[in-house]
Amino acid sequence: MSKKIKAAVMVGFAGVLAVLVVWYFKNNSVAVLTPQGPIGQKERNLILLAVGLSLIVVIPVYVMLVSFAWKYRASNKNARYDPKFDHSRLVESIWWGVPLIIISILAVATWKSSNELDPFKPLASNVKPMTVQVVALQWKWLFIYPQQNFASVNLAEFPVNVPIDFEITADAPMNSFWIPKLGGQIYAMSGMSTHLHLMANRAGDYRGSSANISGEGFASMKFIARASSSGDFDNWVRQAQQSNSTLSLRSYTELAKPSKNGAVVYYSSVQNGLYNSIVTKFFDPTRKPSGEGAT
């Protein structure tokens, strides 16, 4: 095979690979790259910035890898051989200067984003935020709405353009709460309560999942995050409050038992202080888990 044919094959392969990558991203929605909320948008921009800066180094490295391998192949007798070359101020300025600039830009971006994307930081909005308490169980998600006094399993609904303060804990192995289209994940751990502030800019059903392996039923530990209009949300609340089931410590004990592929379940009311009881029960080792024996 001639040199020109080999070069053409390499260029053609690179072209086909580039076309396949573009085609994949055009026809497949990558959740973190198509955000539907302000936090997700900022995280997407941060990802693109980091990838773009990395490509400044990665692309030249791969180009040089191929070109050097081709130029200095054993069969090329015309390649310049200079064993005494050991220093070039221009070359050293490039391979030290460019990474230094990239690291400096990333350092500034990291410092800025660490403050802007602090999960405990409430979102700036003229609308009053809504609180949703989240409990990671084996292997399902419990959502308690303290302001509306009801609860749901594996379905979290909230109005569009309303800041949501997710209070998150676990009554199971450590887990991670994640709605890719709205924002990054945050860990759910037994005995502690953390916060994640998110907001949806567009109505729709978004995939929610566990981002931390937590045992046998991890793969099916998914939920629906539904952003809806205020009217639809109010209708959903009224529908949920018509459920015949209530969430007391006793019924919560049954719910907390491990199960997989759980359906959406509603509880018309929630025992006062249940979320705090779930968090603080780990403070007293003599207390029975999940409120056993309580009514």
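F158 places a side-chain heavy atom less than 4.5 Å from the side chain of L182. In this structure, V132 and Y145 have side chains that are in contact, with non-hydrogen atoms separated by less than 4.5 Å. The side-chain heavy atoms of F282 and D171, taken from C-beta on, include a pair separated by under 4.5 Å. Contact of the F166 side chain with the I186 side chain is not registered, since no non-hydrogen atoms from C-beta on lie closer than 4.5 Å. When side chains are defined from C-beta on, I224 does not count as touching N154, because their heavy atoms never get closer than 4.5 Å. Residues D165 and P122 fail the side-chain proximity criterion, which asks for heavy atoms closer than 4.5 Å.
Partners of S210 by side chain to side chain donor-acceptor pair (under 3.5 Å), not counting sequence neighbours, listed by chain and number: N175.
Side-chain contact, S228 with R226: no donor N or O sits under 3.5 Å from an acceptor N or O.
Screening residues 183-194 for side-chain hydrogen bond (donor to acceptor under 3.5 Å, both in side chains), with sequence neighbours left out, gives S176-Q185, S193-Y275.
Across A200 and V160, no two heavy atoms sit closer than the pair O-CG1, 3.5 Å. Scanning all heavy atoms of the two residues, the minimum distance from I168 to A188 falls at CG2-CB, 3.5 Å. Shortest non-hydrogen contact noted between S268 and Q241 is CB-O, 3.3 Å. Across every non-hydrogen atom of F223 and F143, the tightest pair is CD1-CZ, 3.6 Å. Pairing each heavy atom of K257 with each of K140, the nearest pair is O-NZ, 2.8 Å.
Judged by distance alone, with hydrogens and angles left aside, the side-chain atoms of N45 form a donor-acceptor pair with the main-chain N or O of Q41 at under 3.5 Å. One N or O on the side chain of W139 and one on the backbone of S214 form a donor-acceptor pair closer than 3.5 Å. A donor-acceptor contact shorter than 3.5 Å is absent between the side chain of S229 and the backbone of P159. Using a distance-only test at 3.5 Å, with no hydrogens or angles considered, a donor-acceptor pair links the side chain of H197 to the main chain of P119.
To the nearest 0.5 angstrom, Q239 atom CD is 11.0 Å from D232 atom CG. Rounded to the nearest 0.5 angstrom, E157 CD and D234 CG are separated by 10.0 Å.
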